[in-house]
Amino acid sequence: MATTEASEHAHKYATLLDSLQDAANLYPKPEGLKYSYGTAGFRTLANLLPPVMFRVGLLAILRSKRLAGATIGVMVTASHNPEQDNGVKLVDPSGEMLEPLWELHATTLANCPSTASLLSTFMTLVSHLRVDLDQPANIVYARDTRPSSPGLVEALEAAFRAFSDGAKVVDLGITTTPILHYVVKATNDKSGESGIPTQEGYMKRMAKAFKTLIGNRGPLAPLHVDCANGVGAFALEEFSKHIGDLLPFRPINTDVKTRGALNFQCGADFVKTKQALPPSVAQSGVLSKPDTRGCSFDGDADRLVYYYLRDGKTFRLLDGDKIAGLVAMYIKDLVGRARMHENNEPLKIGVVQTAYANGSSTKYLKSRNIPVRCVPTGVKHLHHAAQLFDIGVYFEANGHGTVLFSPSCLTTLREFQPDSPESANAIKQLIALSELINQAVGDALSDMLLVEVVLAYRGWGAEEWDAGYEDLPNRLVKVEVHDRSQFVTIDAERKLQYPTGLQDHIDDAVNKFELGRSFVRPSGTEDCVRLYAEAKSTADVESLTTMVTDLLTYYGGP
Ligand code: 16G
Ligand code: MG
(Lines give C-alpha, C1' and ligand atoms only; values in the text may rest on other atoms or scores of the structure.)
(Ligands and ions follow the chains in the order given, each with its own letter.)
Protein backbone atom coordinates (compact mmCIF):
# COMPACT_ATOMS: atom_id res chain seq x y z
CA MET A 1 0.00 0.00 0.00
CA ALA A 2 2.77 2.41 1.04
CA THR A 3 4.64 1.59 -2.15
CA THR A 4 1.56 2.34 -4.27
CA GLU A 5 1.15 5.65 -2.50
CA ALA A 6 4.78 6.51 -3.01
CA SER A 7 4.63 5.71 -6.68
CA GLU A 8 1.43 7.73 -7.05
CA HIS A 9 3.26 10.64 -5.46
CA ALA A 10 6.26 10.24 -7.71
CA HIS A 11 3.97 10.17 -10.72
CA LYS A 12 2.13 13.26 -9.54
CA TYR A 13 5.37 15.21 -9.04
CA ALA A 14 6.70 14.13 -12.39
CA THR A 15 3.49 15.34 -14.05
CA LEU A 16 3.71 18.64 -12.16
CA LEU A 17 7.33 19.15 -13.15
CA ASP A 18 6.48 18.42 -16.79
CA SER A 19 3.71 20.94 -16.75
CA LEU A 20 5.88 23.53 -14.97
CA GLN A 21 8.64 22.96 -17.49
CA ASP A 22 6.33 23.54 -20.48
CA ALA A 23 4.96 26.71 -18.93
CA ALA A 24 8.34 28.04 -17.74
CA ASN A 25 9.85 27.61 -21.22
CA LEU A 26 7.51 30.35 -22.41
CA TYR A 27 8.99 32.81 -19.90
CA PRO A 28 12.79 32.59 -20.15
CA LYS A 29 14.86 34.96 -18.05
CA PRO A 30 16.81 37.49 -20.14
CA GLU A 31 20.55 36.97 -19.76
CA GLY A 32 22.56 39.36 -17.67
CA LEU A 33 19.68 40.86 -15.71
CA LYS A 34 19.59 40.74 -11.94
CA TYR A 35 16.15 41.07 -10.38
CA SER A 36 15.66 41.91 -6.77
CA TYR A 37 12.62 41.86 -4.46
CA GLY A 38 13.06 45.34 -2.95
CA THR A 39 11.14 47.44 -0.44
CA ALA A 40 8.01 47.24 -2.55
CA GLY A 41 8.49 43.96 -4.40
CA PHE A 42 9.95 43.67 -7.90
CA ARG A 43 9.82 46.91 -9.83
CA THR A 44 11.39 47.71 -13.20
CA LEU A 45 10.55 48.29 -16.87
CA ALA A 46 7.39 46.35 -17.63
CA ASN A 47 8.86 44.55 -20.65
CA LEU A 48 11.46 42.89 -18.42
CA LEU A 49 8.90 41.47 -16.04
CA PRO A 50 7.06 38.49 -17.62
CA PRO A 51 9.56 35.86 -16.33
CA VAL A 52 9.41 37.47 -12.89
CA MET A 53 5.62 37.32 -12.90
CA PHE A 54 5.64 33.64 -13.74
CA ARG A 55 8.04 32.89 -10.91
CA VAL A 56 6.15 35.07 -8.44
CA GLY A 57 3.07 33.04 -9.35
CA LEU A 58 4.94 29.86 -8.39
CA LEU A 59 6.10 31.34 -5.11
CA ALA A 60 2.59 32.54 -4.23
CA ILE A 61 1.38 28.96 -4.62
CA LEU A 62 4.22 27.61 -2.49
CA ARG A 63 3.51 30.19 0.20
CA SER A 64 -0.19 29.35 0.26
CA LYS A 65 0.45 25.60 0.38
CA ARG A 66 3.04 26.12 3.12
CA LEU A 67 0.39 27.92 5.15
CA ALA A 68 -2.18 25.16 4.68
CA GLY A 69 -4.08 26.94 1.92
CA ALA A 70 -4.29 30.40 3.52
CA THR A 71 -5.06 33.02 0.87
CA ILE A 72 -2.07 34.93 -0.49
CA GLY A 73 -2.36 38.19 -2.45
CA VAL A 74 -0.49 39.24 -5.58
CA MET A 75 -0.58 42.90 -6.64
CA VAL A 76 0.65 44.00 -10.04
CA THR A 77 1.61 47.68 -9.76
CA ALA A 78 4.50 50.09 -9.82
CA SER A 79 2.74 52.63 -7.59
CA HIS A 80 3.97 56.18 -8.36
CA ASN A 81 6.57 55.12 -10.95
CA PRO A 82 6.18 56.24 -14.57
CA GLU A 83 3.87 54.29 -16.82
CA GLN A 84 6.56 52.27 -18.60
CA ASP A 85 7.47 50.59 -15.31
CA ASN A 86 5.53 47.89 -13.60
CA GLY A 87 6.01 45.65 -10.61
CA VAL A 88 4.63 42.93 -8.41
CA LYS A 89 4.46 42.21 -4.73
CA LEU A 90 3.05 39.45 -2.57
CA VAL A 91 0.69 39.94 0.35
CA ASP A 92 0.72 37.61 3.35
CA PRO A 93 -2.50 36.14 4.82
CA SER A 94 -2.79 38.86 7.50
CA GLY A 95 -2.89 41.46 4.71
CA GLU A 96 0.67 42.54 5.52
CA MET A 97 3.74 42.57 3.30
CA LEU A 98 5.40 39.25 2.49
CA GLU A 99 7.62 37.83 5.25
CA PRO A 100 11.20 39.06 4.64
CA LEU A 101 12.69 35.56 4.46
CA TRP A 102 10.40 34.77 1.55
CA GLU A 103 11.51 37.96 -0.20
CA LEU A 104 14.85 36.19 -0.56
CA HIS A 105 13.18 33.12 -2.06
CA ALA A 106 11.37 35.40 -4.51
CA THR A 107 14.70 36.91 -5.58
CA THR A 108 16.27 33.47 -5.90
CA LEU A 109 13.48 32.12 -8.11
CA ALA A 110 13.42 35.27 -10.25
CA ASN A 111 17.12 34.96 -11.01
CA CYS A 112 17.25 31.29 -12.02
CA PRO A 113 18.98 31.50 -15.40
CA SER A 114 17.22 28.55 -17.10
CA THR A 115 14.10 26.40 -16.88
CA ALA A 116 16.19 23.52 -15.50
CA SER A 117 17.60 25.67 -12.71
CA LEU A 118 14.16 27.10 -12.00
CA LEU A 119 12.67 23.62 -11.57
CA SER A 120 15.48 22.38 -9.37
CA THR A 121 15.36 25.55 -7.23
CA PHE A 122 11.61 25.15 -6.98
CA MET A 123 11.96 21.57 -5.71
CA THR A 124 14.74 22.61 -3.29
CA LEU A 125 12.43 25.26 -1.85
CA VAL A 126 9.62 22.71 -1.56
CA SER A 127 11.85 20.46 0.47
CA HIS A 128 13.70 23.09 2.56
CA LEU A 129 10.56 25.01 3.39
CA ARG A 130 8.69 21.77 4.07
CA VAL A 131 5.92 22.58 1.62
CA ASP A 132 3.34 19.82 1.27
CA LEU A 133 2.36 20.04 -2.38
CA ASP A 134 -0.88 18.19 -1.64
CA GLN A 135 -2.13 21.15 0.38
CA PRO A 136 -4.58 23.50 -1.39
CA ALA A 137 -3.47 26.89 -2.71
CA ASN A 138 -5.60 30.04 -2.65
CA ILE A 139 -4.59 33.25 -4.35
CA VAL A 140 -6.26 36.64 -4.86
CA TYR A 141 -4.70 38.94 -7.41
CA ALA A 142 -5.27 42.39 -8.84
CA ARG A 143 -3.64 45.02 -11.00
CA ASP A 144 -3.55 48.78 -11.40
CA THR A 145 -4.42 50.61 -14.63
CA ARG A 146 -1.05 50.32 -16.39
CA PRO A 147 -1.37 49.21 -20.04
CA SER A 148 1.32 46.56 -19.45
CA SER A 149 -0.60 44.93 -16.59
CA PRO A 150 -2.90 42.55 -18.53
CA GLY A 151 0.11 40.96 -20.30
CA LEU A 152 1.90 40.53 -17.00
CA VAL A 153 -1.17 39.04 -15.37
CA GLU A 154 -1.17 36.42 -18.15
CA ALA A 155 2.32 35.33 -17.08
CA LEU A 156 1.10 35.07 -13.52
CA GLU A 157 -1.91 33.02 -14.55
CA ALA A 158 0.33 30.70 -16.58
CA ALA A 159 2.03 29.77 -13.30
CA PHE A 160 -1.31 29.14 -11.60
CA ARG A 161 -2.50 26.95 -14.48
CA ALA A 162 0.69 24.92 -14.45
CA PHE A 163 -0.46 23.34 -11.21
CA SER A 164 -2.63 20.55 -12.50
CA ASP A 165 -4.47 20.10 -9.20
CA GLY A 166 -5.38 23.75 -9.58
CA ALA A 167 -4.75 26.72 -7.41
CA LYS A 168 -8.02 28.35 -6.42
CA VAL A 169 -7.65 31.86 -7.71
CA VAL A 170 -9.77 35.00 -7.53
CA ASP A 171 -9.07 37.81 -9.99
CA LEU A 172 -10.12 41.18 -8.51
CA GLY A 173 -9.34 42.84 -11.84
CA ILE A 174 -8.33 46.50 -11.71
CA THR A 175 -8.27 47.78 -8.15
CA THR A 176 -6.10 49.65 -5.67
CA THR A 177 -3.26 48.08 -3.72
CA PRO A 178 -4.93 48.67 -0.32
CA ILE A 179 -8.19 47.11 -1.47
CA LEU A 180 -6.28 43.96 -2.43
CA HIS A 181 -4.60 43.92 1.00
CA TYR A 182 -7.99 44.35 2.66
CA VAL A 183 -9.54 41.49 0.67
CA VAL A 184 -6.66 39.18 1.58
CA LYS A 185 -6.95 40.00 5.28
CA ALA A 186 -10.75 39.72 5.31
CA THR A 187 -10.69 36.43 3.37
CA ASN A 188 -8.41 34.84 5.93
CA ASP A 189 -10.19 36.26 8.96
CA LYS A 190 -12.90 33.65 9.43
CA SER A 191 -14.36 35.55 12.41
CA GLY A 192 -15.76 38.09 9.95
CA GLU A 193 -14.50 40.97 12.10
CA SER A 194 -12.28 42.28 9.33
CA GLY A 195 -15.28 42.72 7.03
CA ILE A 196 -16.69 41.10 3.91
CA PRO A 197 -13.84 40.13 1.58
CA THR A 198 -14.92 41.96 -1.56
CA GLN A 199 -14.45 45.45 -2.95
CA GLU A 200 -18.11 46.11 -2.27
CA GLY A 201 -17.76 44.86 1.28
CA TYR A 202 -14.88 47.25 1.77
CA MET A 203 -16.81 50.24 0.36
CA LYS A 204 -19.90 49.54 2.47
CA ARG A 205 -17.94 49.04 5.67
CA MET A 206 -16.06 52.31 5.20
CA ALA A 207 -19.17 54.24 4.21
CA LYS A 208 -21.06 53.04 7.29
CA ALA A 209 -18.18 53.95 9.61
CA PHE A 210 -17.78 57.33 7.91
CA LYS A 211 -21.47 58.15 8.39
CA THR A 212 -21.26 57.20 12.07
CA LEU A 213 -18.20 59.40 12.57
CA ILE A 214 -19.52 62.43 10.71
CA GLY A 215 -22.88 62.18 12.52
CA ASN A 216 -24.85 65.35 11.98
CA ARG A 217 -21.81 67.43 10.98
CA GLY A 218 -22.42 66.87 7.24
CA PRO A 219 -22.71 67.59 4.45
CA LEU A 220 -19.04 68.58 4.28
CA ALA A 221 -17.52 71.15 1.93
CA PRO A 222 -16.46 69.70 -1.46
CA LEU A 223 -13.02 68.10 -1.63
CA HIS A 224 -10.76 68.23 -4.70
CA VAL A 225 -9.06 64.89 -5.25
CA ASP A 226 -6.15 64.39 -7.67
CA CYS A 227 -6.29 60.71 -8.64
CA ALA A 228 -2.88 60.66 -10.43
CA ASN A 229 -4.71 59.37 -13.54
CA GLY A 230 -4.67 56.00 -11.86
CA VAL A 231 -6.83 53.36 -10.26
CA GLY A 232 -7.77 55.63 -7.35
CA ALA A 233 -10.18 57.35 -9.76
CA PHE A 234 -12.28 54.17 -9.92
CA ALA A 235 -12.20 53.61 -6.18
CA LEU A 236 -13.22 57.20 -5.52
CA GLU A 237 -16.10 57.05 -7.99
CA GLU A 238 -17.29 53.78 -6.54
CA PHE A 239 -17.05 55.02 -2.98
CA SER A 240 -18.92 58.24 -3.70
CA LYS A 241 -21.98 56.15 -4.63
CA HIS A 242 -22.08 54.92 -1.05
CA ILE A 243 -22.08 58.31 0.67
CA GLY A 244 -23.97 60.57 -1.72
CA ASP A 245 -23.61 64.25 -0.84
CA LEU A 246 -22.23 63.74 2.64
CA LEU A 247 -18.78 64.49 1.20
CA PRO A 248 -18.94 65.76 -2.40
CA PHE A 249 -15.76 64.86 -4.32
CA ARG A 250 -14.36 66.97 -7.13
CA PRO A 251 -12.08 64.45 -8.86
CA ILE A 252 -9.15 65.71 -10.98
CA ASN A 253 -6.69 63.67 -13.08
CA THR A 254 -8.99 60.72 -13.64
CA ASP A 255 -7.78 59.94 -17.17
CA VAL A 256 -6.78 56.29 -17.04
CA LYS A 257 -6.91 55.90 -20.84
CA THR A 258 -4.42 58.39 -22.29
CA ARG A 259 -0.99 56.80 -22.70
CA GLY A 260 1.64 58.30 -20.44
CA ALA A 261 -0.79 60.19 -18.20
CA LEU A 262 -0.41 57.97 -15.13
CA ASN A 263 1.53 59.82 -12.40
CA PHE A 264 2.67 62.37 -14.98
CA GLN A 265 2.94 65.76 -13.30
CA CYS A 266 0.35 64.75 -10.76
CA GLY A 267 -0.20 62.46 -7.81
CA ALA A 268 1.07 62.35 -4.23
CA ASP A 269 4.70 61.65 -5.10
CA PHE A 270 4.86 64.57 -7.54
CA VAL A 271 3.35 66.95 -4.99
CA LYS A 272 5.58 65.81 -2.12
CA THR A 273 8.79 65.81 -4.16
CA LYS A 274 8.19 69.10 -5.97
CA GLN A 275 6.44 70.69 -3.00
CA ALA A 276 4.01 72.21 -5.51
CA LEU A 277 0.52 71.75 -6.91
CA PRO A 278 0.15 69.49 -9.94
CA PRO A 279 0.05 71.94 -12.91
CA SER A 280 -3.43 70.64 -13.80
CA VAL A 281 -4.73 71.63 -10.36
CA ALA A 282 -2.93 74.98 -10.42
CA GLN A 283 -4.31 75.85 -13.86
CA SER A 284 -7.85 74.93 -12.94
CA GLY A 285 -7.75 77.60 -10.22
CA VAL A 286 -10.03 75.53 -8.01
CA LEU A 287 -7.87 75.97 -4.93
CA SER A 288 -7.72 79.76 -5.14
CA LYS A 289 -11.09 80.16 -3.46
CA PRO A 290 -10.89 80.61 0.32
CA ASP A 291 -11.37 77.58 2.57
CA THR A 292 -10.68 75.09 -0.19
CA ARG A 293 -8.61 71.99 0.34
CA GLY A 294 -7.29 69.42 -2.09
CA CYS A 295 -5.47 66.12 -1.87
CA SER A 296 -3.52 63.76 -4.12
CA PHE A 297 -3.42 59.95 -4.28
CA ASP A 298 -0.52 58.13 -5.92
CA GLY A 299 -0.88 55.72 -8.87
CA ASP A 300 -2.09 52.74 -6.83
CA ALA A 301 -3.88 54.83 -4.18
CA ASP A 302 -1.90 53.89 -1.11
CA ARG A 303 -0.38 57.34 -0.50
CA LEU A 304 -2.14 60.58 0.34
CA VAL A 305 -1.06 64.18 0.80
CA TYR A 306 -3.26 67.25 1.34
CA TYR A 307 -2.65 70.88 0.43
CA TYR A 308 -4.22 74.30 0.14
CA LEU A 309 -3.26 77.80 -0.98
CA ARG A 310 -2.64 80.17 1.89
CA ASP A 311 -4.35 83.49 1.09
CA GLY A 312 -5.33 81.93 -2.21
CA LYS A 313 -1.69 82.04 -3.35
CA THR A 314 1.00 80.25 -1.36
CA PHE A 315 1.18 76.47 -1.69
CA ARG A 316 1.08 74.71 1.68
CA LEU A 317 1.68 70.97 1.91
CA LEU A 318 -0.01 68.81 4.54
CA ASP A 319 1.99 65.59 4.20
CA GLY A 320 2.12 62.27 6.04
CA ASP A 321 3.70 63.92 9.10
CA LYS A 322 0.89 66.46 9.31
CA ILE A 323 -1.67 63.66 8.92
CA ALA A 324 -0.02 61.67 11.74
CA GLY A 325 -0.11 64.71 14.05
CA LEU A 326 -3.74 65.48 13.27
CA VAL A 327 -4.85 61.90 13.73
CA ALA A 328 -2.82 61.11 16.85
CA MET A 329 -4.18 64.15 18.69
CA TYR A 330 -7.73 63.25 17.67
CA ILE A 331 -7.39 59.68 18.92
CA LYS A 332 -5.86 60.92 22.15
CA ASP A 333 -8.90 63.18 22.59
CA LEU A 334 -11.37 60.36 21.94
CA VAL A 335 -9.58 58.01 24.30
CA GLY A 336 -9.64 60.73 26.97
CA ARG A 337 -13.36 61.28 26.46
CA ALA A 338 -14.03 57.53 26.65
CA ARG A 339 -12.77 57.60 30.28
CA MET A 340 -11.76 53.97 30.22
CA HIS A 341 -8.71 54.35 32.42
CA GLU A 342 -10.63 54.08 35.70
CA ASN A 343 -11.18 50.34 35.25
CA ASN A 344 -8.56 49.46 32.66
CA GLU A 345 -4.91 49.97 31.92
CA PRO A 346 -4.70 53.21 29.91
CA LEU A 347 -4.60 52.54 26.17
CA LYS A 348 -1.12 53.11 24.75
CA ILE A 349 -1.24 55.43 21.76
CA GLY A 350 1.96 55.95 19.79
CA VAL A 351 3.24 57.28 16.49
CA VAL A 352 5.79 55.58 14.24
CA GLN A 353 7.83 57.67 11.82
CA THR A 354 10.96 57.33 9.72
CA ALA A 355 14.04 59.54 9.64
CA TYR A 356 12.32 61.55 6.89
CA ALA A 357 9.76 62.90 9.36
CA ASN A 358 10.21 66.62 9.68
CA GLY A 359 11.92 67.50 12.98
CA SER A 360 9.05 69.87 13.82
CA SER A 361 6.50 67.07 13.59
CA THR A 362 8.44 64.87 16.00
CA LYS A 363 8.79 67.79 18.41
CA TYR A 364 5.07 68.57 18.10
CA LEU A 365 4.08 65.03 19.05
CA LYS A 366 6.60 64.57 21.84
CA SER A 367 5.66 67.88 23.43
CA ARG A 368 2.09 66.57 23.62
CA ASN A 369 3.21 63.40 25.38
CA ILE A 370 2.72 61.11 22.43
CA PRO A 371 5.48 58.50 22.27
CA VAL A 372 7.26 58.53 18.89
CA ARG A 373 9.34 55.67 17.45
CA CYS A 374 11.66 55.97 14.47
CA VAL A 375 12.17 52.94 12.18
CA PRO A 376 13.79 52.31 8.78
CA THR A 377 11.94 53.31 5.60
CA GLY A 378 9.38 50.89 4.16
CA VAL A 379 5.89 50.00 5.23
CA LYS A 380 6.75 46.67 6.80
CA HIS A 381 8.99 48.34 9.38
CA LEU A 382 6.43 50.95 10.33
CA HIS A 383 3.59 48.46 10.43
CA HIS A 384 5.38 46.12 12.81
CA ALA A 385 6.43 48.93 15.14
CA ALA A 386 2.87 50.29 15.20
CA GLN A 387 1.57 46.87 16.25
CA LEU A 388 3.38 47.30 19.57
CA PHE A 389 0.91 49.99 20.65
CA ASP A 390 -2.77 49.56 21.52
CA ILE A 391 -3.45 52.18 18.89
CA GLY A 392 -0.44 52.70 16.63
CA VAL A 393 -0.43 55.58 14.16
CA TYR A 394 2.18 55.26 11.42
CA PHE A 395 2.91 57.54 8.51
CA GLU A 396 5.84 58.09 6.25
CA ALA A 397 6.31 61.75 5.34
CA ASN A 398 5.46 60.75 1.74
CA GLY A 399 1.87 60.03 2.81
CA HIS A 400 1.92 56.28 3.23
CA GLY A 401 0.42 55.14 6.50
CA THR A 402 -2.49 53.98 8.58
CA VAL A 403 -3.66 53.47 12.16
CA LEU A 404 -3.65 50.01 13.72
CA PHE A 405 -5.91 48.91 16.56
CA SER A 406 -4.51 45.91 18.43
CA PRO A 407 -6.85 42.91 18.89
CA SER A 408 -6.83 43.41 22.66
CA CYS A 409 -7.68 47.09 22.29
CA LEU A 410 -10.66 46.18 20.10
CA THR A 411 -11.86 43.65 22.68
CA THR A 412 -11.53 46.22 25.46
CA LEU A 413 -13.48 48.77 23.43
CA ARG A 414 -16.25 46.29 22.63
CA GLU A 415 -16.61 45.03 26.17
CA PHE A 416 -16.35 48.35 27.97
CA GLN A 417 -19.43 49.49 29.89
CA PRO A 418 -19.54 53.28 29.62
CA ASP A 419 -21.00 55.23 32.52
CA SER A 420 -21.88 58.42 30.66
CA PRO A 421 -23.29 59.34 27.26
CA GLU A 422 -20.04 61.11 26.40
CA SER A 423 -18.00 58.02 27.14
CA ALA A 424 -20.45 55.81 25.19
CA ASN A 425 -20.20 58.12 22.23
CA ALA A 426 -16.40 58.20 22.29
CA ILE A 427 -16.28 54.38 22.43
CA LYS A 428 -18.67 54.15 19.51
CA GLN A 429 -16.48 56.52 17.53
CA LEU A 430 -13.29 54.62 18.32
CA ILE A 431 -14.88 51.37 17.12
CA ALA A 432 -16.13 53.10 13.97
CA LEU A 433 -12.60 54.46 13.40
CA SER A 434 -11.19 50.94 13.47
CA GLU A 435 -13.66 50.09 10.70
CA LEU A 436 -13.03 53.23 8.68
CA ILE A 437 -9.26 52.81 8.67
CA ASN A 438 -7.71 50.06 6.56
CA GLN A 439 -6.16 47.69 9.09
CA ALA A 440 -4.00 45.90 6.54
CA VAL A 441 -1.99 48.72 4.96
CA GLY A 442 -1.94 52.46 4.20
CA ASP A 443 -4.87 53.43 2.03
CA ALA A 444 -5.31 56.85 0.39
CA LEU A 445 -9.10 56.60 0.25
CA SER A 446 -9.56 55.51 3.84
CA ASP A 447 -6.90 57.96 5.12
CA MET A 448 -8.63 60.79 3.25
CA LEU A 449 -11.91 59.96 4.98
CA LEU A 450 -10.07 59.86 8.29
CA VAL A 451 -8.66 63.36 7.74
CA GLU A 452 -12.13 64.59 6.81
CA VAL A 453 -13.56 63.08 9.99
CA VAL A 454 -11.00 64.85 12.16
CA LEU A 455 -11.41 68.20 10.39
CA ALA A 456 -15.20 67.94 10.81
CA TYR A 457 -14.82 66.99 14.49
CA ARG A 458 -12.55 69.97 15.15
CA GLY A 459 -14.53 72.31 12.89
CA TRP A 460 -11.27 73.08 11.07
CA GLY A 461 -10.28 73.85 7.54
CA ALA A 462 -6.84 73.07 6.12
CA GLU A 463 -5.39 76.31 7.49
CA GLU A 464 -6.26 75.55 11.13
CA TRP A 465 -4.84 72.05 10.71
CA ASP A 466 -1.65 73.51 9.25
CA ALA A 467 -1.27 75.88 12.19
CA GLY A 468 -0.21 73.04 14.55
CA TYR A 469 3.47 73.47 13.70
CA GLU A 470 5.73 74.90 11.02
CA ASP A 471 7.85 72.43 9.04
CA LEU A 472 11.58 73.04 9.14
CA PRO A 473 12.88 73.83 5.65
CA ASN A 474 14.21 70.61 4.09
CA ARG A 475 15.67 69.06 0.96
CA LEU A 476 15.66 65.51 -0.35
CA VAL A 477 18.08 64.81 -3.19
CA LYS A 478 19.22 61.79 -5.13
CA VAL A 479 22.95 61.26 -5.44
CA GLU A 480 24.42 58.78 -7.90
CA VAL A 481 27.23 56.75 -6.43
CA HIS A 482 29.46 54.04 -7.77
CA ASP A 483 27.98 51.29 -5.60
CA ARG A 484 25.15 52.05 -3.23
CA SER A 485 25.64 48.80 -1.33
CA GLN A 486 28.76 50.43 0.18
CA PHE A 487 26.43 52.66 2.19
CA VAL A 488 25.33 50.85 5.31
CA THR A 489 23.05 52.53 7.82
CA ILE A 490 22.39 52.03 11.53
CA ASP A 491 20.09 53.68 14.07
CA ALA A 492 16.95 53.47 11.90
CA GLU A 493 18.86 54.92 8.93
CA ARG A 494 19.81 58.04 10.83
CA LYS A 495 23.53 57.24 10.75
CA LEU A 496 25.99 55.60 8.37
CA GLN A 497 28.22 52.83 9.61
CA TYR A 498 30.03 52.59 6.26
CA PRO A 499 31.89 54.03 4.41
CA THR A 500 34.07 54.37 7.49
CA GLY A 501 34.57 57.97 8.57
CA LEU A 502 31.85 59.54 6.44
CA GLN A 503 29.38 59.90 9.30
CA ASP A 504 31.88 61.94 11.34
CA HIS A 505 32.14 64.42 8.49
CA ILE A 506 28.35 64.57 8.10
CA ASP A 507 28.09 65.27 11.85
CA ASP A 508 30.63 68.08 11.53
CA ALA A 509 28.62 69.62 8.71
CA VAL A 510 25.31 69.27 10.59
CA ASN A 511 26.75 70.92 13.70
CA LYS A 512 27.42 74.11 11.76
CA PHE A 513 23.69 74.80 11.40
CA GLU A 514 20.99 75.65 13.89
CA LEU A 515 18.44 72.80 14.08
CA GLY A 516 20.53 71.03 11.44
CA ARG A 517 19.93 67.38 10.63
CA SER A 518 21.03 65.30 7.68
CA PHE A 519 21.25 61.62 6.83
CA VAL A 520 22.13 59.44 3.87
CA ARG A 521 20.65 56.06 2.97
CA PRO A 522 20.77 53.78 -0.05
CA SER A 523 17.46 53.73 -1.91
CA GLY A 524 15.53 50.47 -1.80
CA THR A 525 13.86 51.13 -5.14
CA GLU A 526 16.40 52.97 -7.32
CA ASP A 527 20.11 52.81 -8.00
CA CYS A 528 21.17 55.83 -5.94
CA VAL A 529 21.57 57.06 -2.40
CA ARG A 530 19.19 59.62 -0.96
CA LEU A 531 20.31 62.59 1.05
CA TYR A 532 17.95 64.38 3.40
CA ALA A 533 18.76 67.66 5.10
CA GLU A 534 16.83 70.08 7.26
CA ALA A 535 17.74 73.23 9.17
CA LYS A 536 16.25 76.41 10.53
CA SER A 537 16.46 78.43 7.31
CA THR A 538 16.22 77.61 3.62
CA ALA A 539 19.67 79.06 3.01
CA ASP A 540 21.12 76.79 5.70
CA VAL A 541 19.44 73.75 4.17
CA GLU A 542 20.97 74.59 0.80
CA SER A 543 24.44 74.93 2.33
CA LEU A 544 24.10 71.75 4.35
CA THR A 545 22.87 69.82 1.28
CA THR A 546 25.82 71.04 -0.76
CA MET A 547 28.29 70.10 1.95
CA VAL A 548 26.92 66.57 2.34
CA THR A 549 26.66 66.09 -1.46
CA ASP A 550 30.34 66.99 -1.75
CA LEU A 551 31.17 64.46 0.94
CA LEU A 552 29.23 61.80 -0.94
CA THR A 553 31.02 62.58 -4.16
CA TYR A 554 34.33 62.25 -2.36
CA TYR A 555 33.41 58.97 -0.63
CA GLY A 556 31.41 57.16 -3.29
CA GLY A 557 31.25 59.18 -6.49
CA PRO A 558 30.62 57.40 -9.73
C1 16G B 1 8.61 51.91 -1.29
C2 16G B 1 7.92 51.73 0.03
C3 16G B 1 7.67 53.07 0.67
C4 16G B 1 8.98 53.81 0.83
C5 16G B 1 9.71 53.88 -0.48
C6 16G B 1 11.12 54.39 -0.28
C7 16G B 1 6.30 50.01 0.61
C8 16G B 1 5.00 49.38 0.26
N9 16G B 1 6.65 51.04 -0.15
O10 16G B 1 7.82 52.61 -2.19
O11 16G B 1 7.08 52.85 1.91
O12 16G B 1 8.78 55.10 1.31
O13 16G B 1 9.82 52.58 -1.05
O14 16G B 1 11.82 54.34 -1.48
O15 16G B 1 6.98 49.60 1.53
P16 16G B 1 13.38 54.47 -1.52
O17 16G B 1 13.97 53.33 -0.73
O18 16G B 1 13.72 54.44 -2.97
O19 16G B 1 13.72 55.79 -0.90
MG1 MG C 1 1.82 53.54 -3.97
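Bear in mind that the values here come from a model prediction, so they are computed numbers and not experimental data. Start at 1 and go down the list; that is how both ligands and their atoms are numbered.
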query: Just by distance, with hydrogens left out, do Ser446 and Tyr202 show a side-chain donor and acceptor under 3.5 Å apart?
result: no
statement: Minimal heavy-atom distance between Leu48 and Tyr35, with the atoms involved, is O-OH, 2.6 Å
query: With sequence neighbours excluded, what pairs up with Thr177 under the side-chain hydrogen bond (donor to acceptor under 3.5 Å, both in side chains) test?
result: Asp300
- prompt: Cation over ring, Lys322 on Tyr469, under 6.0 Å and within 45°?
  reply: yes
message: Show every side-chain hydrogen bond (donor to acceptor under 3.5 Å, both in side chains) that has at least one partner inside residues 491-502, sequence neighbours left out.
response: Thr377-Glu493, Asp491-Arg494, Glu493-Arg521
message: Testing the basics here: between Cys227 and Leu236, what is the closest heavy-atom pair and its distance to 0.1 Å?
response: SG-CD2, 4.0 Å
field: Distance-only side-chain donor-acceptor flag, Thr258 / Asp255, under 3.5 Å
entry: yes
- request: Examine the side chains of Tyr306 and Asp447 and answer whether a donor and an acceptor come within less than 3.5 Å of each other.
  value: no
field: Per-ligand residue contacts, ligand 1, heavy-atom threshold under 4.0 Å
entry: Thr39, Ala40, Lys89, Met97, Arg303, Thr377, Gly378, Val379, Glu396, Asn398, His400, Arg521, Ser523, Gly524, Thr525, Arg530
Polar protein atoms near the Mg ion (ligand 2) [N, O or S; cut-off under 2.8 Å]: Ser79 OG, Asp298 OD2, Asp300 OD1, Asp302 OD1
field: Sole residue of Lys380, Lys89, Arg63 in salt bridge (Lys or Arg N to Asp or Glu O under 4.0 Å) with Glu103
entry: Lys380
